[in-house]
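Below is one structure, written out as structure tokens, with a few remarks after it.
First the proteins, then the strands, lettered A, B, ... as listed; each starts at 1.
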Number of protein chains: 2
Amino acid sequence: MARSTEPGDRGNVTADEVAAVAGVSRWTVNRAFRPDASISKRSRERVMQAAQQLGYVPDLMASSLRSDRSNLVAVLVDDFANPHKLVMMERLTRILRKAGSDTLLVNMVDESDASAALLSASQRRVDATILIGSEFGEEVVATALGAQRARKLIVFARYSENPNTISICCDDVAAMTTITDFIMDRGYRNPLFLAGPQTVSAHLHRKETFLDLWSAKFGSRPESTWVRAYDPQLAYERVSETLGGRSRGELPDLLVCENDALAVGAIDAIRFSLGLRVPEDIAVTGFDDVPQASSPNYRLTTYRQPVTAMAEALAAILAGNEPSGDLSRFEGELVVRESA
Amino acid sequence: MARSTEPGDRGNVTADEVAAVAGVSRWTVNRAFRPDASISKRSRERVMQAAQQLGYVPDLMASSLRSDRSNLVAVLVDDFANPHKLVMMERLTRILRKAGSDTLLVNMVDESDASAALLSASQRRVDATILIGSEFGEEVVATALGAQRARKLIVFARYSENPNTISICCDDVAAMTTITDFIMDRGYRNPLFLAGPQTVSAHLHRKETFLDLWSAKFGSRPESTWVRAYDPQLAYERVSETLGGRSRGELPDLLVCENDALAVGAIDAIRFSLGLRVPEDIAVTGFDDVPQASSPNYRLTTYRQPVTAMAEALAAILAGNEPSGDLSRFEGELVVRESA
DNA sequence: AGAAATTTTGCACACGAGAGCAAAATTCAT
DNA sequence: ATGAATTTTGCTCTCGTGTGCAAAATTTCT
């Protein structure tokens with residue numbers, strides 16, 4: 001036996017020490033910790049008892065080194081100003097952990113940082129890389145795919161055109177159609193669309209869908225504007241600027257926002273910068289149903305993505321199951337409140 | 001030579017393959033990637049070029065297996081309803097990555113989940129475990145310390161009494177004293193303190209400080225109440241319930257909230273449930289200065305912790321530097337807005 | 001009970017890099 | 001140019017676990 005069997009060699013117990021106590025071989029010890037392993041009930045019990053006594057737990061680094069399965073997934077986030085990120089992170093980490101995977105959180109500080117962020121992920125042998133950023137473009141996705149070891153690249157809650165990518169998101173066209181139908185039905189006739197970063201075409205789904213549907217019905221293409229990040233503060237400034245000097249007749253009767261982060265800033269601007277009322281003077285719609293949206297301050301009419309179901313689909317994919325439905329066509333629901 | 005030198009054995013390039021291309025030994029290749037290694041300029045260049053060509057990056061799992069340094073820290077979060085968590089996570093991940101460490105994000109689903117959460121951290125050989133949860137009690141800290149492999153346990157943005165723990169936080173007593181002085185100065189005389197989970201004594205610092213200062217000056221101990229999580233929604237409900245049926249004279253003139261998450265809910269309740277104005281009828285103070293606090297809707301008077309400096313101190317500790325000042329006495333600043 | 005089928009166990013080797021040391025190459029001094 | 005000092009390189013062994021197979025133990029069947 002090569003290794004000493006004394007505990008505390010370097011602070012942590014190894015399988016060898018447990019094996020000595022339990023009177024079995026090291027391999028039996030490790031097997032005891034794998035649910036699918038071929039091991040007798042009796043020796044598993046003895047191992048487990050010895051392990052408990054010594055405070056042994058298998059080392060996941062060593063395990064993944066050999067087995068090429070790390071049970072680690074990287075989650076790359078580029079946009080911490082959007083409260084919806086917190087919701088998604090909570091769901092993802094919870095569901096991934098239930099499925100046996102840990103989460104490596106990588107802060108993608110800016111666009112140029114993307115490849116460095118992906119590098120640290122690949123160096124950790126993650127089983128998959130999940131992008132829940134929103135401001136990155138398709139070229140980031142391409143970089144990610146170029147990185148040698150990135151096994152699976154999953155774009156979460158946003159559509160990606162790249163065919164080598166798995167994109168788990170809801171059907172933006174259907175969702176926006178639902179919202180647009182609702183708006184038209186309510187009689188709004190002069191909307192303004194407030195969009196996020198216009199870096200890539202994938203972002204334009206909601207906007208284009210809305211503008212197309214509207215001009216198909218009314219013949220004229222509504223006005224639109226955008227901000228460089230999904231940040232309420234920026235939305236506030238943009239709305240103040242854009243609508244600031246207008247006379248009553250020139251104002252839109254509705255702001256259709258690409259998501260709630262923008263909608264919240266827009267509402268603040270309407271009230272506190274323009275001095276108008278929501279929804280009486282200008283109505284507002286959002287997307288995501290962040291916790292704030294249900295606050296009596298905002299009572300935002302918005303669209304809720306099935307984040308839990310989406311995260312569960314993600315876990316299923318990591319487990320190797322074939323996706324059951326179309327992963328980029330999840331259906332959410334319109335949440336009607338008082339803002340529109 | 002044991003291994004084949006063909007690329008793509010299992011999808012990833014190893015140092016052996018780079019060594020073959022560069023015409024050096026495997027060890028020289030690995031040395032090229034360590035800044036402090038003893039290696040000639042010329043061979044490092046050759047190695048780097050070959051590595052670039054093959055797309056090689058060193059495997060951090062294998063590295064940490066041998067070297068006992070993983071450059072991985074676990075961040076345990078138990079409280080995703082509090083928007084301040086997002087701020088702290090952003091700062092921590094950014095600063096840690098700059099310092100060369102990756103972040104393992106662990107969602108501590110509930111109190112009973114704490115030891116399981118700590119287990120996954122220890123199994124990954126993290127260099128340190130950071131608790132930025134708030135609802136856990138001292139017994140969770142004890143569990144963490146009991147876990148064999150947890151090398152360093154750091155409690156971030158909250159004080160811990162446990163001597164085996166490094167607690168990086170601001171001086172709650174000084175901070176609350178600042179707030180209290182401000183309040184007294186402004187002439188409020190009938191405050192209500194709204195606290196978070198009352199699980200452990202560490203949480204009581206702010207509350208006790210406030211109550212003590214107040215009764216020292218005015219002789220009477222102010223009223224207080226609490227909710228079981230730092231969640232605006234719960235704060236909303238509690239404030240509505242507690243103040244709901246009261247006549248004008250029975251109402252407090254100020255709500256002192258343990259943090260902004262509660263303050264935001266409290267403001268909503270004052271306005272939309274009680275139908276009163278902030279600050280004219282009831283004023284509000286918070287703690288943390290979350291992004292929402294500066295929204296024109298809330299304009300919250302609050303206290304900003306120096307999160308960046310605290311995160312940098314954390315990184316310094318991980319790097320092995322001796323802490324320069326008292327880590328549990330960071331100083332923040334009062335942010336005076338219109339809510340009080 | 002004895003043979004066959006099945007389960008359980010032990011073992012050599014591999015995963016990819018680091019520590020420590022000895023051999024080789026380079027630089028420096030005389 | 002020669003020997004000493006220094007730097008660079010290669011090598012063995014190690015970190016802790018998983019794979020695949022062969023030996024051992026157990027169960028099942030006739």
Item to check | Separation of dG16(C) P from Tyr56(B) OH (nearest whole Å) | outcome: 10 Å

Checklist entry - Would you find a donor on one side and an acceptor on the other, under 3.5 Å apart, between the side chain of Ser167(B) and the backbone of Arg158(B)? => result yes

Item to check | N or O in side chain of Thr14(A) less than 4.0 angstrom from dG16(D) OP1/OP2 | outcome: no

Item to check | Separation of dA12(C) P from Arg26(A) CZ (nearest whole Å) | outcome: 11 Å

Checklist entry - Any donor-acceptor pair under 3.5 Å joining the side chain of Arg125(A) to the base of dG16(C)? => result no

Item to check | Between dC15(C) (P) and Asn30(A) (CG): distance, integer Å | outcome: 18 Å

Item to check | Results of salt bridge (charged side-chain N to carboxylate O under 4.0 Å, His left out) for Arg94(B) - residues two or more places apart only | outcome: Glu90(B)

Item to check | Qualifying side-chain hydrogen bond (donor to acceptor under 3.5 Å, both in side chains) pairs, either residue in residues 37-55 of chain B, two or more places apart | outcome: Ser40(B)-Ser43(B)

Checklist entry - Nearest to the side chain of Arg66(A) - dG16(D), dT12(D), dA17(C)? => result dG16(D)

Next on the checklist: Tell me whether the side-chain N/O atoms of Ser64(A) come closer than 4.0 Å to OP1 or OP2 in dT17(D).
Outcome noted: no

Checklist outcome for this item: In whole angstroms, the gap separating C1' of dC15(D) from CG of Asp59(B) amounts to 13 Å

Next on the checklist: Would you say that Leu60(A) contacts Met61(B) through its side chain, given a criterion of any heavy-atom pair below 4.5 Å between the two side chains?
Outcome noted: no

Checklist outcome for this item: To the nearest 0.5 Å, atom CD1 of Ile130(A) lies from atom CD1 of Ile166(A) at 10.0 Å

Checklist entry - To the nearest Å, how far apart are Trp27(A) CH2 and dC21(D) P? => result 17 Å

Checklist outcome for this item: Which of Leu72(B), Leu318(B), Asp102(B), Asn71(B) passes side chain to side chain contact (heavy atoms under 4.5 Å, CB included) with Leu96(B)? Answer is Leu318(B)

Checklist entry - Any side-chain N or O of Ser25(B) less than 4.0 Å from the OP1 or OP2 oxygen of dG10(D)? => result yes

Checklist entry - Closest to the Ser63(A) side chain: dG10(C), dA17(C), dG18(D)? => result dG18(D)

Checklist entry - What's the CZ-P distance between Arg69(A) and dG16(D), to the nearest Å? => result 24 Å

Item to check | Within residues 34-53 of chain B: residues closer than 4.0 Å to DNA chain D (heavy atoms) | outcome: Ser38(B), Ile39(B), Ser40(B), Ser43(B)

Checklist entry - To the nearest Å, how far apart are Phe33(B) CZ and dG18(C) C1'? => result 15 Å

Checklist outcome for this item: Tightest non-hydrogen contact, residues Leu105(B) and Met89(B), listed as CD2-CE, 4.1 Å

Next on the checklist: Tell me whether the side-chain N/O atoms of Ser67(A) come closer than 4.0 Å to OP1 or OP2 in dG18(D).
Outcome noted: no

Checklist entry - How close or far is atom P of dC15(D) from atom CD of Glu17(A), stated in whole angstroms? => result 11 Å

Checklist outcome for this item: Regarding the side chain of Pro58(A), the nearest nucleotide among dT9(D), dT9(C), dT17(D) is dT17(D)

